Amino acid sequence: MFGSDNEVKSDKIKGAKKIRKPRYAFQTRSQVDILDDGYRWRKYGQKAVKNNKFPRSYYRCTHQGCIVKKQVQRLSKDEGIVVTTYEGMHSHPIEKSNDNFEHILNQMQIYTSY
DNA sequence: CGGTTTTGACCGGCGC
DNA sequence: GCGCCGGTCAAAACCG
């Protein structure tokens with residue numbers, strides 16, 4: 001299941017031949033970890049991290065063909081800071097108002113890896 | 001009713 | 001070889 005993961009695994013074992021899954025980390029200042037960026041997410045697990053006093057939440061896009069994964073983690077140092085990490089690329093339009101999305105971006109700092 | 005959520009348990013990989 | 005960790009999935013329950 002979930003070819004996306006399988007693909008990455010294969011790449012790792014083989015030696016990274018294809019493009020890597022893009023990873024985008026968003027650091028947001030919010031009291032709630034449930035940030036609606038405009039996509040639909042379904043929580044599939046919650047695990048506690050050792051460097052963090054708070055558990056990390058794992059979310060996945062519920063769109064057909066959309067295998068984007070997202071994980072939300074809070075900074076143990078600042079409970080008001082929420083780190084949202086996006087994995088993969090979306091292949092469908094957002095169902096929320098771009099205005100709202102822009103407003104959210106306005107309050108988040110974007111960090112891009114790769 | 002459908003969709004979603006929550007917890008627990010399980011598996012694989014890696015280290016020593 | 002064994003233990004450990006992280007990560008993911010499953011089922012059940014709940015809500016609108």
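Since the structure is predicted, the reported quantities are computational estimates derived from the model, not experimental observations. First the proteins, then the strands, lettered A, B, ... as listed; each starts at 1.
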Task: Whole-Å gap separating P (C/dG7) and NZ (A/Lys70) - done: 17 Å
TODO: Measure the distance from CZ on A/Arg56 to P on C/dG6 and round it to the nearest whole Å.
DONE: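 My rounded result for the distance is 9 Å.
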Task: Under 3.5 Å side-chain donor-acceptor pair for A/Tyr44 and A/Arg42 - done: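 No donor-acceptor contact under 3.5 Å links the two side chains.
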Open item on the list: Is there a path of hydrophobic side-chain contacts, each under 4.5 Å between heavy atoms, that joins A/Trp41 and A/Tyr24?
Closed with: yes
Open item on the list: Tell me the closest heavy-atom pair linking A/Val68 and A/Met89, and the distance in Å.
Closed with: CG2-O, 3.2 Å
Open item on the list: Give me the atom names and distance for the closest heavy-atom approach of A/Thr28 to A/Thr84.
Closed with: OG1-OG1, 4.3 Å
- [ ] Report, as a single string ordered 5' to 3', how protein heavy atoms within less than 4.0 Å touch nucleotides 3-9 of chain B: B base, S sugar-phosphate only, - not at all.
- [x] -SBBS--
Open item on the list: By nearest atom, which of the nucleotides C/dG7, C/dC9, C/dG6 is closest to the A/Lys50 side chain?
Closed with: C/dG6
TODO: If the plane angle is over 60° it's perpendicular, under 30° parallel, otherwise tilted; pick one for A/His63 and A/Tyr39.
DONE: perpendicular
